[in-house]
Amino acid sequence: MATSTTTKPKAKKTAKAKTTAKSKTRAKRKSPKKNLVIVESPAKAKTIEKYLGRSYKVMASKGHVRDLPKSKMGVDIDHDYEPHYISIRGKGDTIKELRSAAKKAKKVYLAADPDREGESIAWHLQHILDLDPNADNRVVFNEITKDAVKESFKHPRNVDMNLVDAQQARRILDRLVGYSISPLLWQKVKKGLSAGRVQSIALWLIIERENAIKDFTPEEYWSIDSEFKKGRSKFKASFYGLNGKKKELPNNDAVQDILKQLDPKGDFDITKVTRRERKRQPQPPFTTSTMQQEANRKLNFRTRKTMMAAQQLYEGINIGKEGSQGLITYMRTDSTRISVIAKHEASKFLHEEYGAEYAATKPIKGKLPEGAQDAHEAIRPTSVFRTPASLKKYLTRDQFRLYQMVWSRFVASQMTPAIMDTMAVTIEQNKVIFKANGSKMKFDGFLKVYGDSKEKDNLLPDLDTGDVVHLVKNNPDQHFTQPPARYSEATLIKALEEKGVGRPSTYSPTIDTIQRRYYVKEVGRRFEPTELGEIVNKIIVEYFPDVVNIDFTANLEGKLDQVEEGKENWIKLVDTFYKPFSNEVESATKNMEKVQIKDEPAGINCEICGAPMVVKMGRFGKFHACSRFPECRNTKPIVKEIGVICPKCHEGQVIERKSRKNRIFYGCSRYPDCDFVSWDKPIGRDCPKDGHFLVEKRVKGGTQVVCPNGDYEEPAQK
């Protein structure tokens with residue numbers, strides 16, 4: 001009894017002692033240090049952290065952390081153009097958090113985007129966090145997938161100073177141009193203006209196109225479209241020429257001369273029939289500029305919207321069980337190159353989904369534009385097996401439409417050509433020649449995925465040389481040559497790319513800037529220069545010709561590429577540009593006369609003080625302001641009556657207004673007493689079916705009068 005009594009307390013004491021020992025051990029044991037990874041955006045950080053696991057902590061710098069100051073030039077011209085960088089205002093808390101995390105980290109990795117700007121961000125972070133500049137702490141990946149990210153961490157490298165120098169040279173060149181010309185524009189024209197290398201050329205292109213349109217003289221020409229028949233089958237053909245040669249029809253007299261030579265009731269001979277098989281090749285996958293152009297044309301996306309949606313798809317979207325996944329490769333690229341792995345995956349998908357006949361053995365290779373860097377792959381889906389349909393429920397409408405376009409274009413680029421059976425027929429009578437062309441889809445190929453695979457066949461009857469056909473009718477038609485079209489976002493980007501001006505990352509901010517400064521306005525999705533834009537362009541062309549010299553600017557881009565490759569010194573490059581440019585600045589400061597933008601009388605008086613109102617030019621266009629400004633600050637928007645009585649109150653006039661985003665809409669002049677509003681232009685007539693007011697809508701190629709309720713529409717007008 002005594003033994004059992006002494007044993008029990010001893011056992012309890014031992015258990016308690018063990019518990020205390022474990023507690024002390026835990027207290028002494030520190031949690032293992034983690035590796036810190038720094039990327040640009042929180043969305044990208046979230047996706048990558050999931051791939052790397054618990055031993056890594058991923059944080060976001062939220063873009064750049066250092067830049068040149070806004071308040072001054074920030075470049076020491078006398079000491080090798082040394083830039084003076086400062087921490088960006090508002091980034092203090094972010095920098096503090098990054099510094100704190102870096103001190104506690106086992107190792108710091110810099111995983112900014114794989115381009116010049118990303119390399120520059122990594123370099124600035126290296127400086128701010130006091131990291132070893134020779135350390136292998138830079139990791140890059142072209143796509144945010146588990147395999148790509150993990151592989152990149154196996155091969156870290158130094159920050160590439162050639163890339164940093166190329167980005168720094170561009171930044172300093174832009175600063176030298178902007179901070180030299182802009183103050184002159186403020187002084188000589190008006191405050192708030194700016195000038196830059198790429199934006200000045202974009203503006204110049206738009207104004208040159210506008211001048212070409214103004215100087216254009218339309219020329220008359222005619223065509224003869226005819227209808228023939230063989231048996232019961234009818235087909236169309238067009239006048240080609242006379243006596244075996246092509247002939248133009250400049251006027252109606254030339255048309256009548258041809259028609260006089262024809263016997264409408266006589267036989268027409270088939271003198272030649274050519275049957276061929278024509279292949280239509282797919283286009284290569286997207287680069288940044290071709291994606292921007294196609295999204296503008298097909299999806300009606302502005303460049304900024306395209307890049308925003310692409311950034312989201314690249315950084316990662318939560319797609320259910322798989323979590324956050326990067327869905328497309330890096331979206332700033334001018335390369336059409338595709339990795340071997342991606343080609344094999346696409347081939348496997350095509351064999352499984354469509355069959356071997358649709359998978360190309362040698363996919364199309366895109367030709368790189370002159371000066372393209374080819375640093376990355378083309379834009380493609382990170383996995384072709386993630387079809388647009390399978391992801392639709394996880395994506396916003398904009399994300400889905402862009403992903404569908406990127407996915408389809410890439411898949412199509414790995415497919416076989418579409419094959420058309422074509423037939424060209426020559427028809428003659430009295431040495432007057434007509435030609436007809438027919439086509440029939442033989443094999444849809446890549447059109448099954450990307451393009452209009454349902455395009456109508458233009459079938460001709462079964463014709464052979466020596467056959468006779470008969471004329472049904474002739475349709476002579478008068479035409480006039482058209483002036484060149486104004487630039488849209490898509491065509492402006494294409495022009496800048498073709499001329500070697502700017503780089504993929506510059507197109508979106510350039511277009512935004514020239515609109516925000518009100519140098520151009522968008523009318524019907526086409527750019528028109530404003531009076532202010534023409535004034536600024538005239539000054540730059542006269543006093544700073546190199547800034548708008550396309551060859552000079554394209555050559556400068558080539559030199560920046562050489563800096564990136566380590567073949568050119570960035571200080572020497574900047575110096576070569578700045579020395580002659582500084583002379584131009586000095587000359588302009590002395591010789592440029594002040595431009596007076598005269599206030600146009602508005603024809604009405606101020607309802608507050610009675611002084612005359614004048615027309616002023618502001619950020620979003622013209623407006624009415626009191627001529628006694630700043631003593632009287634009364635302003636009014638300029639309203640444009642469209643000559644239609646308000647269909648709601650039947651008292652006020654319908655006037656053209658602009659939304660906060662500068663979009664035109666229509667409202668009642670009696671607002672706020674009458675709240676009538678319409679995005680489409682009322683025409684002053686009511687629908688014959690339901691009595692609702694009719695509106696004019698823009699359709700492809702013109703306008704169309706329709707009922708908003710969908711009950712009535714009139715033929716479209718060009």
Side-chain angles (χ1 to χ4, degrees), residues 213 216-276 278 280 420-442 451-452 454-485 524 696-706 712-718:
I213 292 169
F216 181 79
T217 304
E219 293 182 9
E220 180 184 8
Y221 70 98
W222 286 70
S223 63
I224 305 173
D225 295 323
S226 304
E227 190 173 41
F228 294 90
K229 67 176 181 179
K230 180 189 177 186
R232 293 184 179 181
S233 299
K234 294 181 180 179
F235 63 98
K236 292 179 179 178
S238 298
F239 170 75
Y240 174 78
L242 193 64
N243 297 322
K245 295 181 180 179
K246 185 173 176 62
K247 181 176 175 60
E248 303 295 335
L249 299 173
N251 49 48
N252 190 31
D253 290 340
V255 172
Q256 296 306 317
D257 287 344
I258 295 296
L259 295 179
K260 284 175 186 175
Q261 297 182 52
L262 296 175
D263 177 8
K265 295 182 180 179
D267 293 340
F268 286 75
D269 299 319
I270 303 294
T271 58
K272 187 178 181 182
V273 176
T274 306
R275 291 181 173 86
R276 286 181 182 169
R278 182 171 64 88
R280 184 175 160 189
M420 316 284 288
D421 281 333
T422 64
M423 183 176 177
V425 179
T426 303
I427 308 159
E428 291 190 40
Q429 186 196 69
N430 299 332
K431 297 185 179 180
V432 177
I433 305 167
F434 289 83
K435 289 197 173 185
N437 294 294
S439 63
K440 183 181 179 181
M441 181 77 74
K442 184 177 182 180
D452 189 4
K454 296 179 181 177
E455 56 184 283
K456 291 182 179 178
D457 294 329
N458 177 29
L459 298 176
L460 296 177
D462 189 18
L463 299 169
D464 288 300
T465 303
D467 286 353
V468 171
V469 295
H470 296 93
L471 180 69
V472 177
K473 59 181 177 181
N474 280 319
N475 293 310
D477 199 5
Q478 183 187 36
H479 309 275
F480 290 92
T481 54
Q482 296 297 310
E696 185 179 85
K697 285 184 83 75
R698 285 188 176 275
V699 294
K700 193 172 183 180
T703 58
Q704 187 175 25
V705 173
V706 301
Y712 175 79
E713 64 179 39
E714 295 178 3
Q717 299 292 319
K718 289 186 179 179

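Atoms considered below: every heavy atom in the structure, side chains included; atoms not considered: hydrogens, waters and symmetry mates.
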- Gap separating the OG atom of S439 from the CG atom of L459, nearest 0.5 angstrom: 7.5 Å

- Query: Would you say M423 and V273 make side-chain contact, with heavy atoms under 4.5 Å?
  - Reply: yes

- Measure from the side-chain N and O atoms of T426 to the backbone N and O of T271, and report whether any donor-acceptor pair falls under 3.5 Å. no

- Query: Looking only at heavy atoms, which two atoms of P264 and L262 are closest? And how far apart?
  - Reply: CD-O, 3.4 Å

- If only atom types and distance count, is the side chain of N430 paired as donor or acceptor with the main-chain N or O of Q261 below 3.5 Å? yes

- Measure the shortest side-chain to side-chain distance between Q429 and D263 over non-hydrogen atoms and say whether it is less than 4.5 angstrom. yes

- Message: Please find the pair of heavy atoms, one from L259 and one from P476, that lie closest to each other, and give the distance.
- Response: CD1-CG, 4.1 Å

- Query: NZ of K435 to NZ of K272: how many Å apart, nearest 0.5 Å?
  - Reply: 6.5 Å

- Please round to the nearest 0.5 Å and tell me the distance separating atom NZ of K246 and atom CZ of F239. 8.5 Å

- To the nearest 0.5 Å, atom NZ of K431 lies from atom CD1 of I258 at 13.0 Å

- Task: Measure the spacing between CG of L460 and NZ of K230 and express it to the nearest 0.5 Å.
- Result: 11.5 Å

- So, N458 side chain and N437 main chain: donor-acceptor pair closer than 3.5 Å or not? yes

- So D269 and V468, side-chain contact (heavy atoms from CB on, under 4.5 Å) or not? Walk me through it. CA-CA 5 Å; D269 299 319; V468 171; 3.8 Å; yes

- Query: Between I427 and F235, does a side-chain contact (heavy atoms from CB on, under 4.5 Å) hold up when you go through it step by step?
  - Reply: CA-CA 12 Å; I427 308 159; F235 63 98; 3.7 Å; yes

- Task: Starting from the C-alpha separation in whole Å, work towards a yes-or-no answer on side-chain contact (heavy atoms from CB on, under 4.5 Å) for T481 and F216.
- Result: CA-CA 9 Å; T481 54; F216 181 79; 3.3 Å; yes

- I would like to know whether M441 and M420 meet side-chain contact (heavy atoms from CB on, under 4.5 Å); could you show each step before the answer? CA-CA 5 Å; M441 181 77 74; M420 316 284 288; 3.6 Å; yes

- Message: Would you say that D464 contacts I270 through its side chain, given a criterion of any heavy-atom pair below 4.5 Å between the two side chains?
- Response: no

- Spatial distance of atom CG (D267) from atom CG (L471) [nearest 0.5 Å]: 11.5 Å

- Minimum heavy-atom distance F480-Q482, with the two atoms named: O-NE2, 3.2 Å

- So F268 and F434, would you call those rings parallel, tilted or perpendicular, with 30° and 60° as cut-offs? perpendicular

- For the side chain of Q704 and the backbone of E714, is there at least one donor-acceptor N/O pair under 3.5 Å apart? yes

- Task: State, yes or no, whether a side-chain contact exists between P484 and I213 at a heavy-atom distance under 4.5 Å.
- Result: yes

- Message: I'd like to know if the side chain of D225 pairs up with that of S238 as donor and acceptor (distance under 3.5 Å, no hydrogens or angles considered).
- Response: yes

- Message: For K260, is there an ion pair with D253 - N to carboxylate O distance below 4.0 angstrom?
- Response: no

